[in-house]
**Q** 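So that we are looking at the same thing, I have put the structure below in structure tokens.
Note that the coordinates shown come from a computational prediction; the quantities given were computed from them, not determined experimentally. Counting convention: from 1, in listed order, for ligands and their atoms alike.
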Amino acid sequence: MGSQRRSVPHDWEWFTKGRYGAFLHWGPYAELGRGEQALFREHLDQREYEERACRWNPQQFDPRQWAYVIKKAGMKYACFTTRHHDGYCLWDTQYTDYSSARQAPGRDFVQEFVDAFRAEGLRIGLYYSWADWRVPAFFDGPDRDPEGWEAMRRYMHGQVEELLTKYGRIDHFFFDGAWPRSYTELGSPELLRRMRQLQPHILINNRLGAADPGQGSHADGGEGAGERSDMGDFGTPEHRIAAEADRLWESCQVTTWRLWGYAYGERWKPADAWLDLLCECAETGDGGGGNLLLNVGPQPDGQLPAPFVERALEIGRWLDIHGEAVFDTDGGSLTEFVTRGRQTMKGNCLYLIIRFWDGRPELRLADLTSPVRSVTLLTTGQPLAFERQGEDLLIRGLPAERPTSLFPVIKIECEGRPETNAWGKQRLWSGDPRRIAEWARTRGTTVFVGGGPERL
Ligand code: GLC
């Protein structure tokens with residue numbers, strides 16, 4: 001409420017200002033079409049899976065097309081799965097032959113991704129799973145299998161180092177799948193130091209292992225173990241939006257219903273549901289909002305699924321006009337506007353992002369105390385008449401028809417930072433309940449209709 005923007009090192013400003021990135025979950029699992037975890041969840045035969053993975057040879061993979069769409073969609077960066085829990089690597093790693101470079105495709109997909117996305121001016125993120133379902137030592141751990149564990153640790157550290165030396169500047173790094181290991185076991189502190197030497201400006205997420213051995217947790221569908229670890233530059237709420245008090249955060253969300261990797265027949269959420277996630281990230285928390293990492297699982301042949309492209313571009317067109325209400329903003333939720341939509345702020349401006357367009361010509365915004373200079377329907381550029389009525393602002397002249405297929409935005413320019421009164425600082429289900437009692441009392445109503453006792 002009335003948040004101040006958190007100050008971040010200059011090298012990280014692209015992240016806080018940019019707000020919106022793509023998560024790309026892709027690998028040989030795409031061919032099965034049941035998400036990225038079919039190997040484990042369906043207890044598939046490891047050898048058969050592996051043989052099939054080695055034959056996987058996507059003919060239509062052209063990351064320049066991905067980058068083109070993602071740029072047009074208004075996203076500012078993308079994070080690509082270099083290796084998921086199945087252990088298959090999408091780059092030419094010297095540590096294993098189980099990779100796109102040394103199996104059927106004979107291509108370094110990470111290199112191609114990095115080149116194409118950089119060429120579009122997008123920032124580069126890499127996802128890396130600690131867990132590798134082929135390797136028992138990862139799950140046995142150092143106590144049960146000290147030698148196997150040491151080999152595994154070297155393998156993981158070596159691969160991360162490779163990813164940070166072979167491909168130029170990497171802006172964002174997303175670890176996952178630390179469960180059941182602790183950060184001491186994983187050697188996260190040493191690895192992080194090394195990563196920062198190699199890429200001093202990099203942003204690293206928080207899935208770095210549990211605080212103590214055996215404390216790892218990984219609720220089904222929840223965050224990776226290590227979520228509570230105090231290391232890492234940004235939090236990673238998964239399938240949910242929740243601000244972190246003391247650090248940056250990025251909510252990762254699916255565009256379908258549950259799975260990250262490609263799934264045949266899974267339903268797609270509509271574009272307005274995706275856009276609402278982005279606006280909610282922008283308005284949530286006291287540090288100036290958070291980021292949205294919006295996922296897509298490309299098809300097994302390497303193309304982006306058409307329903308993704310369609311919706312992503314629809315949002316991109318909306319952002320072309322309304323982007324100032326989302327990018328580089330100062331947080332939001334100034335007043336209790338939730339019944340209509342979302343609020344963000346930037347400098348002296350308050351943006352009303354309206355989900356429910358009810359066709360009435362007027363909109364009453366309660367609790368905005370700042371003097372107002374101008375009100376504009378950002379969607380059309382049309383200036384709107386307004387009138388102060390006490391601490392309410394009455395905005396007039398709204399069109400009956402919703403002026404965009406997504407959310408119309410009203411921009412209110414104030415004199416100074418937008419401010420709210422005591423009511424506006426509280427929320428319906430929090431704050432001082434006596435204010436509501438007082439309000440009900442002044443209205444003089446009773447629970448009885450037609451002649452009951454005046455007071456309970
Ligand atoms: C989860 C899942 C994984 C997905 C990821 C995205 O922990 O195990 O399949 O890649 O998080 O955040």
Side-chain angles (χ1 to χ4, degrees), residues 20-44 49 53 75 77-90 109-110 113 125-135 138-139 156 159-160 163 172-181 183 186 188 203-210 216-229 232-242 244 248-263 266 269 274 277 281 290-298 308:
Y20 187 27
F23 212 173
L24 298 156
H25 273 76
W26 195 55
Y29 44 78
E31 217 172 28
L32 298 172
R34 299 191 295 277
E36 76 290 358
Q37 299 188 355
L39 171 61
F40 173 79
R41 302 244 182 215
E42 299 175 17
H43 310 314
L44 302 181
Y49 182 94
M75 293 166 168
Y77 63 106
C79 178
F80 186 43
T81 47
T82 62
R83 169 182 116 165
H84 208 269
H85 311 330
D86 64 358
Y88 184 94
C89 300
L90 295 186
F109 289 151
V110 171
F113 157 77
L126 301 178
Y127 164 108
Y128 181 84
S129 167
W130 299 99
D132 181 334
W133 285 330
R134 298 170 309 152
V135 183
F138 184 84
F139 301 94
M156 297 183 298
Q159 286 202 319
V160 171
L163 288 168
H172 171 275
F173 204 92
F174 196 113
F175 283 106
D176 187 31
W179 179 87
R181 305 272 65 94
Y183 66 73
L186 294 169
S188 309
L203 273 153
I204 302 170
N205 78 338
N206 63 339
R207 299 185 183 181
L208 299 164
S217 67
H218 193 318
D220 194 17
E223 289 82 27
E227 191 55 11
R228 281 163 297 165
S229 148
D233 305 318
F234 64 95
T236 53
E238 180 175 315
H239 300 297
R240 66 195 175 89
I241 292 171
E244 293 222 359
L248 304 176
W249 55 275
E250 176 192 66
S251 166
C252 48
Q253 299 271 351
V254 292
T255 43
T256 50
W257 287 103
R258 172 61 179 79
L259 299 169
W260 302 85
Y262 183 70
E266 213 195 356
K269 290 179 195 157
W274 301 6
L277 292 172
C281 286
N291 281 33
L292 175 67
L293 190 64
L294 193 65
N295 183 70
V296 58
F308 172 81

**Q** Examine the proximity of ligand 1 to T81 and report which part, side chain or backbone, both or neither, has a heavy atom under 4.0 Å away.
**A**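 Answer for T81: neither.
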**Q** Just which atoms of ligand 1 are under 4.0 Å from any heavy atom in F23?
**A**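 It comes down to these atoms of ligand 1: 6 (C), 12 (O).
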**Q** Tell me the closest heavy-atom pair linking T255 and V296, and the distance in Å.
**A**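 Smallest heavy-atom distance, with atoms named: OG1-CA, 4.4 Å.
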**Q** Minimum heavy-atom separation for A178 and G209, please, with both atom names.
**A**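 So the minimum-distance heavy-atom pair works out to CB-N, 3.6 Å.
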**Q** Taking the six-membered ring where the residue is Trp, are the ring centres of F138 and W130 under 6.0 Å apart?
**A**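 F138 vs W130: aromatic centres not under 6.0 Å.
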**Q** For G177, is the nearest heavy atom under 4.0 Å from an atom of ligand 1?
**A**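 Heavy atoms of G177 never come under 4.0 Å of ligand 1.
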**Q** Would you check if the distance from the ring center of Y20 to the ring center of Y77 is below 6.0 Å?
**A** no
**Q** Can you list the atoms of ligand 1 that are under 4.0 Å from a heavy atom of H25?
**A**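 With H25 as reference, the close atoms of ligand 1 come out as 4 (C), 10 (O).
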**Q** Between H239 and ligand 1, which residue portion shows a heavy-atom distance shorter than 4.0 Å: side chain, backbone, both, or neither?
**A**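 Under 4.0 Å from ligand 1, H239 contributes no heavy atoms.
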**Q** Quick check on contacts: which atoms of ligand 1 are under 4.0 angstrom from a heavy atom of C252?
**A**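 Those qualifying, in numeric order: 12 (O).
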**Q** Hey, does the Lys NZ or Arg CZ of K269 hover above the aromatic six-ring of W257, less than 6.0 Å from the centre and inside 45° of the axis?
**A**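 Judged by the rule, K269 and W257 form a cation-pi pair.
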**Q** Any nitrogen or oxygen of E36, side chain or backbone, less than 3.5 Å from one on ligand 1?
**A** yes
**Q** One thing to verify: whether E42 and R34 come together as a salt bridge, which I'm taking to mean a side-chain N less than 4.0 angstrom from a carboxylate O.
**A**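 Salt bridge flag = yes for E42 with R34.
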**Q** Give the atom numbers and elements of ligand 1 that come within less than 4.0 Å of a heavy atom of Q37.
**A** 2 (C), 3 (C), 8 (O), 9 (O)
**Q** Specify the closest pair of heavy atoms between Y127 and T82, including all atoms of both residues, with the distance to one decimal.
**A**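 Taking Y127 first and T82 second, the nearest heavy atoms are O-OG1, 2.7 Å.
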**Q** Heavy-atom contacts with Y127 under 4.0 Å: which atoms of ligand 1 show up? List them by number with element.
**A**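 Once the distances to Y127 are compared, the set is 10 (O).
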**Q** Enumerate the atoms of ligand 1 whose separation from the nearest heavy atom of H84 is less than 4.0 angstrom.
**A**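 That gives atoms 3 (C), 4 (C), 9 (O), 10 (O) of ligand 1.
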